[in-house]
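Contents: one structure, followed by commentary.
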Amino acid sequence: METKYNHNLYEKKWWDFWLQQGYFAADSSSTKDPYVILMPPPNVTDRLHMGHGLNNTVQDIFIRWQRMLGKEVCWLPGTDHAGIATQMMVEKSLQAEGRSRQELGREQFIARCWQWQEKHGNIIISQLQRLGASADWQRLAFTMSPSLSKAVREVFVRLFDKGLIYRGKRLVNWDCALQTAVSDDEVFNREETGKLWSIAYPLVDRQSEQDELVVATTRPETMFGDTAVAVNPNDQRYRQYIGKKVLLPLVNRELPVIADSYVKSEFGTGCLKITPAHDFNDFDIGQRHQLPALNIFDDAGLLADCVPPKFQGMTRSAARQAVLRALRELNLLRGETKHRHTLPYSDRSKELIEPRLSQQWFLRMQPLVAEAIRVAKDGELRFYPDSWQKTYLHWLENIQDWCISRQLWWGHRIPVWYCQTCQQHFAATSDPSACKHCGSKTMQQDDDVLDTWFSSWLWSFSTLGFPDHNEQDLRKFYPSQVLITGADIIFLWVARMVIAGIEVLGKPPFKDVYFNSIICDHQGRKFSKTLGNGIDPLEVIDQYGADAVRFTCVSLAPLGGRARMGKQDFANGAKFVNKLWNAARFLLAQPAPQPLPSLADTQPTVPEQWLLNSFADTVMAVDKHLQAYRVDSMADALYRFIWGTYCDWGVEIAKTMLQTTNQIPASMYYIMDGLLRLVHPVMPFISEEIWQRLPAHPDWDRPSSLVVAKFPQADVLPRYDSKALASWEMTRALITAIRTLRSRATIPPQEQIEVSIAAKRLVADEQRWLHELAGVAQVIWLTADDPKPTPALVQVGAGFEVYTTTVRIDVGREKDKLRNDQQRLTALLSKVNAKLNNPAFCANAPAQVLEEHTQRRQLLQSQLHSVEVNLQALGS
RNA sequence: GGGCGCAUAGCUCAGCUGGUUAGAGCACCAGCCUUACAAGCUGGGGGUCUCAAGUUCGACUCUUGAUGCGCCCACCA
């Protein structure tokens with residue numbers, strides 16, 4: 001074995017082996033209990049980033065763990081057709097050829113999309129495989145595949161026939177760059193400093209020049225769409241004008257002055273221009289007052305033909321400047337002030353959203369959410385961390401209708417047909433040959449496609465054969481156990497999946513929802529392309545190996561928080577992987593007992609018993625942490641045991657045994673075998689490589705791969721309990737204390753020393769460890785009456801004092817250290833004394849606490865005494 | 001405006017239902033190539049747990065408030 005673990009030699013080898021053995025395939029005819037995780041489908045356009053890396057590592061940990069526990073696991077992978085993102089990519093490539101999608105036509109364009117997705121899509125899938133993701137890749141699903149498309153149509157038609165899907169002319173969030181509507185959940189807000197302009201609208205039939213209403217607006221360019229001016233009905237200033245008319249400048253259209261309590265008198269001028277087609281509040285007011293709504297922007301967000309010719313075709317920002325200039329010329333601009341407000345932007349294009357009146361399809365959500373709310377409240381659906389429950393409930397309880405149509409070409413075309421003969425429309429699961437209502441053959445399908453999320457929200461069952469009941473899959477694998485994803489899509493995907501699962505199959509699609517950490521740099525900033533602060537997972541996998549990357553990600557990811565990571569963290573992960581490698585290298589380089597005996601046939605020494613107990617504790621901890629979705633704590637437990645216990649103590653102990661018996665004890669092989677099983681979910685490659693080289697231990701099963709080996713179970717692991725074990729703890733404490741003394745006295749490692757110990761005497765067998773592990777040639781055991789050696793160095797600990805007279809020290813530094821000790825111990829002692837002298841404490845504290853404090857006082861007193869004696873001996 | 005969360009060592013974090021001398025990794029300092037690993041070994045220094053008040057015999061832990069930071073939702077002519 002090489003001294004440094006080289007991941008390049010093993011990762012591909014084992015990956016190919018696992019795939020070839022078919023370990024990851026989920027069999028719905030199995031009699032084993034199912035354990036299912038749905039992989040959140042990445043966009044086909046995606047490249048692997050650290051968020052995917054963490055998310056899929058966590059999923060893989062649970063999947064591998066449950067597989068080793070004997071479940072029939074199904075980790076269902078797939079990709080999302082990402083309507084907008086893909087269409088943007090393909091349009092860009094067309095642009096490079098100097099062509100446009102309009103030129104190409106719908107059919108040709110869609111063909112291009114398919115070509116593109118075959119060529120460039122699914123790169124992310126091979127990237128996920130580099131990570132070691134043990135999903136059932138044969139089940140790879142795609143939201144545009146024929147079977148998933150079938151599910152989309154089926155559900156659409158069901159909801160349509162229930163009357164939950166309707167078409168309406170409503171105000172929607174319009175993305176002018178992509179020229180499509182987007183849903184509320186695809187809009188983000190940004191606070192900015194803008195301006196608030198005051199514009200005079202002269203009164204029709206005015207008595208004087210001053211007879212005008214001054215409106216305040218942040219968007220003068222929308223004035224072409226004004227259809228009223230509103231004031232608050234209780235505003236004394238404007239009461240007289242209600243019911244009168246003003247003249248819209250630049251257009252010279254008459255607008256009614258209306259009263260609406262929405263208008264705040266104290267804001268701006270107290271006069272509000274009403275533009276129903278381009279503002280959500282104005283739209284509501286317009287509805288209340290039956291005002292016409294005038295759409296003034298075309299699909300691209302340019303001013304349309306309904307505005308005065310000189311403004312036509314202008315962009316929104318150009319129009320704003322032009323309008324202001326024109327108003328200034330007419331002397332109608334009454335002022336401008338700075339104004340802080342938040343503006344809506346599109347998630348996808350990052351363009352300013354234009355609220356715009358248009359014909360869209362909507363899904364009535366309100367009738368669908370009751371059960372989704374109930375299951376969360378009753379704990380049938382749990383969130384980790386549970387604080388997300390509130391966010392989830394708040395959204396559902398204030399649910400808005402979902403705008404599901406998009407003016408794109410790439411996606412599921414809305415399965416609604418309009419009959420040119422009878423003018424009616426209807427929805428159908430398969431392309432109809434005749435109108436459902438009149439039998440006419442002249443029909444046209446709706447031009448729009450569905451929101452991408454309308455296919456993703458069916459993911460939990462559309463991937464399992466619905467609606468073609470390959471019932472076995474659906475019955476066996478629905479619902480899944482846990483959804484592992486990012487909290488940023490709690491509304492877009494998680495909550496909607498719950499709704500869909502309940503609506504279509506009668507129960508929620510998963511029991512637990514685990515939200516991963518957000519990946520940030522060390523300054524707490526999200527990884528982002530523009531900042532360039534991200535770490536490319538593939539780059540670090542190349543450099544450090546998949547196991548190191550997996551372990552690092554997971555150990556830095558607290559439940560629900562933000563995981564801060566830098567490149568150095570991955571180097572540390574790699575060190576840990578290498579540590580395990582070398583622990584195994586040591587073991588495998590030594591002669592093992594042949595054949596390895598079962599633990600029951602050997603008599604483990606006390607230190608071995610301690611190691612075995614510690615291993616069992618670790619198994620228990622790992623189980624506990626995984627149950628609680630605390631992968632970071634699991635990583636910590638593994639790290640502590642492997643580095644701090646197995647290597648630091650176990651290997652050192654084994655070395656001394658090697659000297660006397662010429663063999664490593666069987667328990668070390670036993671522990672290593674169990675350990676590899678334990679780490680396999682998080683470090684699958686290195687654990688497999690070592691395990692395959694490890695001689696089979698009779699106490700463990702021995703299948704062809706660790707992937708399908710049994711996971712350690714704490715309740716069947718050997719446990720030891722004896723007085724000797726308690727004494728071993730004292731031995732370890734003494735060893736550490738003596739090492740400290742040696743370090744303080746600058747005694748080289750090779751030099752054997754003599755120490756005096758005031759403590760309960762160790763038996764000869766235990767005392768030998770002081771020799772082996774602390775370089776002690778001889779021990780003088782002091783009783784309470786013996787004088788303490790002087791001059792000497794002392795190290796005090798819980799229940800013992802160790803002295804050495806081998807002194808080669810810096811007296812000044814040593815004195816400082818002792819004074820420090822003295823100060824520390826004095827402070828502690830006075831704290832304990834204060835408590836014990838407090839009658840209220842003695843009266844109220846439980847007996848055990850009281851007893852502990854009394855003992856601590858004694859111990860501190862004796863330790864303080866020792867330090868003082870020593871200090872004197874050094875001559876102060 | 002509403003909601004959620006966080007504040008512990010230089011950095012990243014752990015610390016369960018209040019009760020041993022508040023822990024770990026990284027970084028730092030000292031000494032070691034001790035025959036698995038220098039990507040290593042053995043030690044060491046470093047925190048009055050953001051602040052204030054309260055409850056309690058006892059508060060890092062519970063309550064209230066303040067300050068700072070992060071996130072989400074709604075909305076502002």
Side-chain angles (χ1 to χ4, degrees), chain A residues 1 3-5 189 196-197 215-219 222 230 262-264 267-275 279-282 339-342 385 387-388 390-391 394-395 398 487-488 490-491 518 520 522 524 544 555-556 558 560-566 568-569 571-572 574-590 632-633 636 639-640 643-644 647-648 651-652 654-655 736 739-744 746-750 774-775 798 817 820 824-825 827-829 831-832 834-835 838-846 848-850 852-853 855-856 859-860 863:
Chain A
M1 279 171 90
T3 58
K4 308 250 190 297
Y5 174 65
N189 297 299
L196 187 63
W197 288 276
V215 301
T217 181
T218 54
R219 301 201 56 196
T222 62
Y262 169 79
V263 181
K264 290 186 196 109
F267 189 95
T269 59
C271 287
L272 173 62
K273 71 186 210 47
I274 304 299
T275 323
D279 183 286
F280 286 95
N281 290 307
D282 291 8
H339 181 60
R340 199 86 188 136
H341 58 164
T342 49
S387 53
W388 286 101
K390 277 199 175 177
T391 307
H394 180 262
W395 186 76
N398 297 284
D488 53 334
I490 184 170
F491 308 136
I518 299 162
C520 299
H522 274 305
Y544 300 114
S555 61
L556 293 174
R562 46 182 52 214
R564 297 175 195 237
M565 49 182 77
Q568 178 57 35
D569 295 313
N572 293 334
K575 282 188 194 176
F576 179 56
V577 170
N578 190 53
K579 188 74 178 174
L580 176 61
W581 180 254
N582 272 288
R585 198 165 85 93
F586 169 74
L587 199 60
L588 295 174
Q590 315 305 332
D632 56 333
S633 304
D636 189 55
Y639 189 98
R640 279 162 195 280
W643 205 307
C647 291
D648 289 351
V651 172
E652 294 308 313
K655 280 183 193 166
T736 304
R739 286 170 176 170
T740 308
L741 274 187
R742 299 181 62 110
S743 178
R744 281 166 59 195
T746 58
I747 300 164
Q750 310 82 355
K817 146 94 178 146
N820 203 327
R824 196 186 90 238
L825 293 167
L828 290 172
L829 187 58
K831 234 165 107 178
V832 175
K835 277 197 185 178
N838 180 349
F841 174 77
C842 297
N844 289 313
Q848 196 200 333
V849 173
L850 207 58
E852 277 167 11
H853 278 74
Q855 279 181 12
R856 204 189 313 160
L859 184 64
L860 287 171
Q863 292 179 340

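Convention: sequence-line order gives letters A, B, ...; per-chain numbering from 1. For the numbers below, each heavy atom of this structure counts, side chains included, while hydrogens, waters and symmetry mates do not.
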Among the nucleotides [options], which one has an atom lying closest to any side-chain atom of [X]?
| X | options | value |
| --- | --- | --- |
| R739(A) | A39(B), U42(B), C72(B) | U42(B) |
| V849(A) | G19(B), U34(B), G43(B) | G19(B) |
| K4(A) | U34(B), C37(B), G43(B) | C37(B) |
| P749(A) | C72(B), C57(B), U34(B) | U34(B) |
| L556(A) | U12(B), C57(B), C41(B) | U12(B) |

Is [X] touching bases, backbone alone, or none of the nucleic acid, heavy atoms closer than 4.0 Å?
| X | answer |
| --- | --- |
| A216(A) | base |
| W197(A) | nothing |
| K831(A) | nothing |
| F280(A) | nothing |
| D648(A) | sugar-phosphate |
| P846(A) | base |
| Y262(A) | sugar-phosphate |
| V263(A) | base |
| C842(A) | nothing |
| L196(A) | sugar-phosphate |

Atom [atom1] of [X] and atom [atom2] of [N]: how far apart are they, to the nearest Å?
| X | N | atom1 | atom2 | answer |
| --- | --- | --- | --- | --- |
| R640(A) | C13(B) | CZ | P | 16 Å |
| K575(A) | C41(B) | NZ | P | 10 Å |
| E852(A) | C57(B) | CD | P | 20 Å |

### Summary
Ranking K273(A) and T736(A) by the position along RNA chain B of their nearest nucleotide, the one closer to 5' is T736(A)

### Task
Report the residue (L825(A) or P558(A)) whose heavy-atom-nearest nucleotide on RNA chain B is the more 5′ of the two.
P558(A)

### Message
Does anything in residues 578-585 of chain A come within less than 4.0 Å of RNA chain B? Heavy atoms only, and list the residues if so.
### Response
N578(A), K579(A), N582(A), A583(A), R585(A)

### Summary
Annotated structure of RNA chain B as dot-bracket, pair cut-off 3.5 Å, Watson-Crick or G-U only, | for inter-strand, is (((((((..((((.....[...)))).(((((.......))))).....(((((..]....))))))))))))....

